[in-house]
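Taking it in order: structure first as structure tokens, then the write-up.
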Amino acid sequence: MSGTEREPIGVIGTGYVGLVTAAGFAELGNEVFCIDIDAEKIEGLKAGRIPIWEPGLEALVARHRGRLHFSTDLADALEHARLLFVAVGTPPTYSGDADLSAVHAVVDATPPSDRHALVMKSTVPVGTGDAIKREFAEQGKGGFRYVSCPEFLKEGSAVADFLEPDRVVIGDDGDWAGDAVVELYAPLEAPLVRTDVRSAEMVKLASNAFLATKISFINEIANVCEETGADVVEVARGMGLDDRIGPKFLQAGIGFGGSCFPKDVAALKQLAGNSGYHFQLLNSVIEVNELQKRRVIAKLQKHLGSLIDKEIALLGLAFKPNTDDMREASSLVLSARLQAAGARVRAYDPVAEEEARKLLRGVSFCGSALEAVEGADAVVLVTEWPEFGELDFAAVAGAMRGSLVVDGRNFLDPAAVRAAGLTYEGVGRAAERNGGD
Ligand SMILES: NC(=O)c1ccc[n+]([C@@H]2O[C@H](COP(=O)([O-])OP(=O)(O)OC[C@H]3O[C@@H](n4cnc5c(N)ncnc54)[C@H](O)[C@@H]3O)[C@@H](O)[C@H]2O)c1
């Protein structure tokens, strides 16, 4: 590679991580060969259709159309690129272990080579890199190099996260492949943690487990606030100003979901268990998160009594705002629990309806928040989409049959909700504060 020429790369798997990584490197000037086994997705991408809803991604892909090549044939990437970034899914298995079948399918599909390296972006258990290197050796592909390069992007701000990362973590064996990945990321001028493969793998799992722990911690504080009359929003503000704590991930609510936290926490817990260590703290993090979603049902029952034949409106379905990702969304548990308790569920999400329809049974989907609250006995805010902050609560009150608003993300202005004659229930909020009763 000359100083100005950027290295062509391959990206295997064109989901949230793969497509953002591909478009991000294209923005840096790299030619990118994107491979996916999903032929329909590849055809769509060739025609300029972006399969996911991610702010800024469509424009970035369109801008770099000339540098982005899409194919279902791994040979297209092998021909042009030395570095093959792997961004295939690693969903949880029933036991909580990561399902690495897609990763192994990629390993098996690679031919013997002294010129190529796999760069693992998928989140994998510690020891996966070593296992893959052993597989390479057993399959007569000992020349294939391996680099761990975990991804930290957040859905909803993935493009910005790629281009301005807090850090880049590269775990390698100190050979040409690690050097090449360092060079690829150099233009981003991000703090670099270059380390061994196992430590890089652990950085990813430990980071997600820590963030999940912070969420479950503040949720438990919120639950104690409910018992003691303190207000968790005030408490979190007071805590977050401490430099050692920081304000992020201190928003109490109805629990975390999404494609990463639940599975990565479970995977780390399993990994520890498989190696003989009982990770007690993570067991509690998971349990608190499960119970937190169910506390909404208790709040509804406190005000409405039996939920049989009650109309409940869910506002927001995606696991967080600015994404259409429904994986492990709290809305899945909530709608199932509500229906099991005899309630009828109406729902509105500005973006995720198409995905939600594949996963939610027996739910009436509505075209707007106001349509969803029509005739509802209670409204539950599940996802803090910005548009819900602009809701006209007088209109909401006029449309509802009942008057209960459960704010599952402490996102609404309690005073505005109460001013419309509605009853406000947040998570860990003190009743007499916030424009109060
Ligand atoms: N989504 C996130 O926010 C995020 C953030 C950081 C890390 N990660 C990790 O990155 C990995 C990918 O996550 P994602 O959300 O992008 O998944 P995804 O499900 O959106 O995309 C995975 C893609 O891989 C393709 N694929 C599967 N097997 C393949 C194969 N053998 N060859 C080629 N393509 C194949 C699928 O068709 C799909 O398009 C996971 O390990 C995840 O834990 C995800």
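For ligands, and for the atoms within them, numbers begin at 1 and follow the listed sequence.
Considering only non-hydrogen protein atoms, atom 41 (O) of ligand 1 sits nearest to Thr90 OG1, 2.6 Å. Among protein heavy atoms, the minimum distance from atom 27 (C) of ligand 1 is reached at Ile37 CD1, 3.8 Å. Here the heavy atom of the protein found nearest to atom 24 (O) of ligand 1 is Gly13 CA, 3.4 Å. With respect to atom 42 (C) of ligand 1, the closest heavy atom belonging to the protein is Lys263 NZ, 3.9 Å. Protein heavy atom closest to atom 4 (C) of ligand 1, with residue, atom name and distance, is Cys260 SG, 3.3 Å. The shortest contact between atom 17 (O) of ligand 1 and any protein heavy atom is with Arg327 NH1, 3.8 Å. When only non-hydrogen protein atoms are considered, atom 10 (O) of ligand 1 lies nearest to Val17 CG2, 3.4 Å. The protein heavy atom nearest to atom 37 (O) of ligand 1 is Asp36 OD1, 2.6 Å.
Nearest to atom 33 (C) of ligand 1 by heavy-atom distance, out of Ile42, Ile12, Asp38, is Ile12. Nearest to atom 26 (N) of ligand 1 by heavy atom, out of Asp325, Val88, Val20, is Val88.
Around CD of Glu387, the count of heavy atoms belonging to other residues, nucleotides or ligands within 6.0 Å exceeds 12. The local environment of CD in Glu164 is sparse, with at most 12 non-hydrogen atoms from other residues, nucleotides or ligands closer than 6.0 Å.
No part of Ala109 comes within 4.0 Å of ligand 1, judged by heavy-atom distances. Of the heavy atoms in Ala87, only backbone atoms (N, CA, C, O) come closer than 4.0 Å to ligand 1. Contacts between Leu153 and ligand 1, counted as non-hydrogen atom pairs separated by less than 4.0 Å, involve both the backbone and the side chain.
In this structure, Lys121 pairs ionically with Glu151, as a charged nitrogen and a carboxylate oxygen lie closer than 4.0 Å. Comment: Arg82 engages Glu7 in a salt bridge, judged by a side-chain N to carboxylate O separation of less than 4.0 angstrom. Classification of Arg63 and Glu27 as a salt-bridged pair holds, one side-chain N sitting under 4.0 Å from a carboxylate O.
Each of the atoms 22 (C) of ligand 1 lies under 4.0 Å from some heavy atom of Gly89. If you number the atoms of ligand 1 from 1 as listed, the ones under 4.0 Å from a heavy atom of Ala102 come out as 28 (N), 31 (N). Close contacts between ligand 1 and Gly15 involve ligand atoms 16 (O), 18 (P), 20 (O), 21 (O), 23 (C), 39 (O) [criterion: under 4.0 Å to a heavy atom]. Within the listing of ligand 1, atoms 38 (C), 39 (O) sit less than 4.0 angstrom from a heavy atom of Lys41. Short contacts between ligand 1 and Tyr16, defined as distances under 4.0 Å to a heavy atom of the residue, involve ligand atoms 1 (N), 15 (O), 16 (O), 20 (O).
Looking at ligand 1, you won't find any N or O of Lys154 less than 3.5 Å from one of its N or O atoms. Distances between N or O atoms of Asp264 and those of ligand 1 include no value under 3.5 Å. When only interatomic distances are considered, the shortest N/O to N/O separation between Glu151 and ligand 1 does not fall below 3.5 Å. For a threshold of 3.5 Å applied to N or O pairs, the pair formed by Glu155 and ligand 1 contains at least one separation below that value. Between Thr123 and ligand 1, at least one N/O pair is under 3.5 Å apart.
A 4.5 Å side-chain heavy-atom check between Phe162 and Phe25 finds at least one atom pair inside the cut-off.
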Working for side-chain hydrogen bond (donor to acceptor under 3.5 Å, both in side chains), residues Asn219 and Ser216: CA-CA 5 Å; Asn219 282 340; Ser216 277; 5.3 Å; no
Stepwise side-chain hydrogen bond (donor to acceptor under 3.5 Å, both in side chains) check, Ser71 with Asp73: CA-CA 5 Å; Ser71 165; Asp73 189 352; 5.5 Å; no
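When all heavy atoms are compared, the tightest approach of Val351 to Asp349 is N-OD1, 2.8 Å.
Checked by atom type, the side-chain pair Lys263/Thr90 shows a donor-acceptor distance below 3.5 Å. No side-chain donor from either of Asp173 and Tyr146 sits under 3.5 Å from a side-chain acceptor of the other.
Figure legend: Arg346 and Phe365 shown without cation-pi pairing, the cationic atom not lying both under 6.0 angstrom from the six-membered ring centre and within 45 degrees of its axis.
A salt bridge (Lys or Arg N to Asp or Glu O under 4.0 Å) with Arg295 is found for one member of Glu226, Glu290, Glu425 and no other, namely Glu226.
Aromatic ring orientation, Phe249 versus Phe261: tilted (interplanar angle from 30° to 60°).
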